[in-house]
Amino acid sequence: MNTPVTIIGAGLGGLTLARVLHVHGIPSEVFEAEASPASRLQGGMLDIHDYNGQLALEAAGLTDEFRGIVLEGRQALRVLDWDGTVLFERGDDGTGGRPEAQRGDLRRMLLDSLPAGTVRWGRKAVGARTLGDGCHEVTFDDGTTVVAGLLVGADGAWSRIRPLLTDAVPRYSGTSFVETYLYDSETRHAAVAKTVGGGSMFGAGPTEGTGINAHRESGDTLHAYVELTEPLEWFDAIDFTDAEAAKARIAAEFDGWSPELTALITESDVAPIHRPAFALPSGLRWERVPGVTLLGDAAHLALANGEGANLAMLDGAELGKALAARPDDVETALAEYEQAMFIRCETPMEEDFLLESIFGDDIPERLLNLFGIEERKA
């Protein structure tokens with residue numbers, strides 16, 4: 001390839017693409033809206049799966065580096081009923097296929113693997129247009145522009161590159177998550193820490209669409225995700241800048257739940273953060289447009305299922321490998337990448353495989369019913 005690949009977005013998918021391209025000697029430039037790598041928190045824990053995310057890291061030549069940032073013991077799992085009854089519990093013996101790491105550590109690892117200057121910070125894309133002959137122009141919020149011979153939108157749910165390919169936009173799912181954080185949990189929130197356990201905890205409600213879930217992160221932090229099925233207007237009526245009032249309003253929806261679970265809301269050391277769940281239409285495809293493609297949430301934003309970051313990284317790795325395999329035939333490489341990505345995202349994961357990858361092969365009947373599964377396949 002004679003020109004660098006222009007990547008919009010320095011998330012995990014875009015950086016994985018840049019790294020795989022670098023491994024194959026193909027230059028890239030990454031434009032990122034954030035002012036610096038440390039300008040904001042990078043989210044919580046991610047379980048990196050052996051059937052997608054770890055394959056991407058292998059293609060990037062970063063398997064050993066990844067093992068160095070894995071948090072031991074975090075594959076431990078507990079599932080609780082709303083009253084605190086333990087429905088399922090599994091420890092972490094180090095042999096599972098979904099090791100956990102902090103998103104920020106993953107991003108830092110990828111950044112450190114790239115040549116200095118690859119990422120251009122503080123460059124927020126606000127629009128893009130087609131120039132012809134496979135070239136596109138991206139405009140940034142400071143008024144500057146860049147012309148790309150090969151443009152990749154890795155800029156997430158509200159991608160500014162996506163309109164070059166499709167008019168599809170994310171729609172609200174009807175469900176939101178409210179994030180909370182409890183710091184120094186072993187000393188300041190001991191009962192809650194004991195309830196969460198050493199890794200991930202899922203608290204299931206008596207009705208579908210409510211839940212209180214949590215991860216034990218690094219630094220003795222509990223990071224909770226409170227699930228509520230309500231319209232956006234319901235959340236708009238809550239003043240999330242008033243931490244105590246917001247916590248009380250959210251906790252009121254979980255009246256009667258175990259106090260150790262509701263404490264993940266009421267004892268939060270930060271104001272609750274509203275995270276509405278949006279998704280693109282399932283099975284989204286587009287006609288091939290020369291010189292541009294998408295990856296990750298920009299291409300297939302879906303409801304939270306533990307696969308988003310893994311799929312974004314796999315997209316980046318697969319696109320990088322496709323371009324490396326056909327450096328003189330970029331359009332064929334892009335077409336092959338997109339077709340494989342479409343199929344990958346449209347193909348539902350086998351129920352048994354997914355359940356066993358999370359829970360093992362001995363799942364109680366009560367847990368199957370909880371997840372809406374009447375019986376295991378023979």
Side-chain angles (χ1 to χ4, degrees), residues 3-18 21 28-34 119-173 232 275-304 308-309 311-316 318-320 322-323 330-346:
T3 59
V5 178
T6 300
I7 304 167
I8 307 300
L12 298 182
L15 293 176
T16 300
L17 169 59
L21 291 173
S28 66
E29 49 188 4
V30 184
F31 294 87
E32 168 56 43
E34 294 174 9
V119 179
R120 319 291 174 84
W121 299 97
R123 305 295 297 279
K124 181 179 180 179
V126 295
R129 67 187 183 104
T130 299
L131 300 178
D133 295 325
C135 292
H136 300 84
E137 181 184 73
V138 180
T139 301
F140 301 98
D141 63 350
D142 60 1
T144 61
T145 61
V146 64
V147 174
L150 174 51
L151 177 62
V152 180
D155 49 341
W158 307 106
S159 172
R160 299 296 185 174
I161 309 304
R162 188 191 300 122
L164 295 173
L165 294 161
T166 172
D167 60 3
V169 295
R171 302 294 185 189
Y172 180 56
S173 66
L232 288 174
R275 305 290 191 193
F278 286 81
L280 285 166
S282 178
L284 175 64
R285 292 189 177 210
W286 53 81
E287 296 296 325
R288 173 95 285 282
V289 175
V292 60
T293 193
L294 306 171
L295 63 78
D297 284 350
H300 45 75
L301 177 69
L303 300 184
L311 287 175
M313 293 166 65
L314 186 60
D315 286 349
E318 292 298 305
L319 176 54
L323 292 170
V330 169
E331 279 308 303
T332 298
L334 295 179
E336 291 176 348
Y337 156 74
E338 287 183 347
Q339 289 304 308
M341 178 188 65
F342 294 150
I343 293 171
R344 182 165 61 244
C345 293
E346 292 170 359

Asks: Please step through side-chain contact (heavy atoms from CB on, under 4.5 Å) for the pair Val119 and Leu15, ending with a clear verdict.
Replies: CA-CA 9 Å; Val119 179; Leu15 293 176; 4.0 Å; yes
Asks: Once you round to the nearest 0.5 Å, how far does CG of Leu164 lie from OG1 of Thr130?
Replies: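 Taking CG in Leu164 and OG1 in Thr130, the distance rounds to 5.0 Å.
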Asks: May I ask you to decide if Gly296's main-chain N or O and Asp315's side chain share a donor-acceptor pair within less than 3.5 Å?
Replies: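 Confirmed, Asp315 side chain pairs with Gly296 backbone.
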Asks: Shortest non-hydrogen contact from Phe278 to Tyr172?
Replies: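 Smallest heavy-atom distance, with atoms named: CD2-N, 3.3 Å.
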Asks: Are side-chain heavy atoms of Ile161 and His136 found at a separation under 4.5 Å?
Replies: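 SC-SC contact between Ile161 and His136 ruled out.
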Asks: Hey, are the side chains of Arg162 and Val292 touching, using non-hydrogen atoms and a 4.5 Å cut-off?
Replies: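 No; the side chains remain at least 4.5 Å from each other.
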Asks: Please examine the side chains of Arg288 and Thr293, heavy atoms only from C-beta on, and report whether any two atoms are closer than 4.5 Å.
Replies: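 A side-chain contact exists here, since the closest heavy-atom pair is under 4.5 Å.
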Asks: Do Leu295 and Thr16 touch side chain to side chain, with heavy atoms closer than 4.5 Å?
Replies: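 The answer is no, as the side chains (C-beta and beyond) never meet within the 4.5 Å cut-off.
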Asks: Would you say that His300 contacts Arg344 through its side chain, given a criterion of any heavy-atom pair below 4.5 Å between the two side chains?
Replies: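 His300 does not reach Arg344 side chain to side chain.
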Asks: Compare every heavy atom of Gly291 with every heavy atom of Leu334, then report the nearest pair and how far apart it is.
Replies: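 Leu334 and Gly291 have their closest heavy atoms at CD1-N, 4.3 Å.
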Asks: Could you give the distance from CD (Glu32) to CG (Asp155), rounded to the nearest 0.5 Å?
Replies: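 Separation between the atoms: 9.5 Å.
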Asks: Kindly indicate whether the side chain of Leu301, heavy atoms from C-beta on, has any atom under 4.5 Å from the side chain of Leu284.
Replies: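 Side chain of Leu301 against side chain of Leu284, heavy atoms only: no contact under 4.5 Å found.
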Asks: Take a 6.0 Å sphere around CG of Asp142 and say whether it holds more than 12 heavy atoms from other residues, nucleotides or ligands.
Replies: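 Yes, enclosed.
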Asks: Within the structure provided, determine whether Arg120 and Val146 are in side-chain contact (heavy-atom separation under 4.5 Å).
Replies: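 No; the side chains remain at least 4.5 Å from each other.
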Asks: For Trp286 and Leu165, which heavy atoms make the closest approach, and how far apart are they?
Replies: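 For Trp286 versus Leu165, the nearest heavy atoms are CB-O, 3.4 Å.
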Asks: How long is the span from the CG atom in Leu21 to the OG atom in Ser28, to the nearest 0.5 Å?
Replies: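 One finds 5.5 Å between CG of Leu21 and OG of Ser28.
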Asks: Okay, side chain of Thr145, backbone of Glu137: is any donor-acceptor separation there less than 3.5 Å?
Replies: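 A pair under 3.5 Å: no.
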Asks: If every non-hydrogen atom of Leu280 is compared with every non-hydrogen atom of Ala298, which pair is closest and at what distance?
Replies: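 Heavy atoms of Leu280 and Ala298 come nearest at CD1-O, 3.9 Å.
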Asks: Is there a side-chain contact (heavy atoms from CB on, under 4.5 Å) between Leu319 and Val5? Walk through the geometry before answering.
Replies: CA-CA 11 Å; Leu319 176 54; Val5 178; over 6 Å; no
Asks: By ring pair (Phe, Tyr, Trp, His ring centres under 6.0 Å), which residues pair with Tyr337, not counting sequence neighbours?
Replies: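 So Tyr337 forms no ring pair (Phe, Tyr, Trp, His ring centres under 6.0 Å) with any residue.
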Asks: So is Arg123 actually on top of Phe31's ring, under 6.0 Å and inside 45° of the axis?
Replies: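 Because its charged atom misses either the 6.0 Å distance or the 45° angle limit, Arg123 does not stack over Phe31.
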Asks: Do you know the tightest heavy-atom contact between Glu34 and Trp121?
Replies: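 Smallest heavy-atom distance, with atoms named: O-CE3, 3.4 Å.
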Asks: First locate atom CD of Glu29, then atom CD1 of Ile8, and finally report the distance between them rounded to the nearest 0.5 Å.
Replies: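 Glu29 atom CD to Ile8 atom CD1 measures 8.0 Å (nearest 0.5 Å).
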Asks: Measure across Pro290 and Glu331 and return the closest heavy-atom pair with its distance rounded to 0.1 Å.
Replies: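 Heavy atoms of Pro290 and Glu331 come nearest at CA-OE2, 3.3 Å.
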Asks: Between CD of Glu336 and CD of Glu318, what distance do you get to the nearest 0.5 Å?
Replies: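 It comes to 11.5 Å.
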Asks: Contact between Leu294 and Ser159 at the side-chain level, heavy atoms closer than 4.5 Å - yes or no?
Replies: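 Yes - at least one pair of side-chain heavy atoms lies under 4.5 Å apart.
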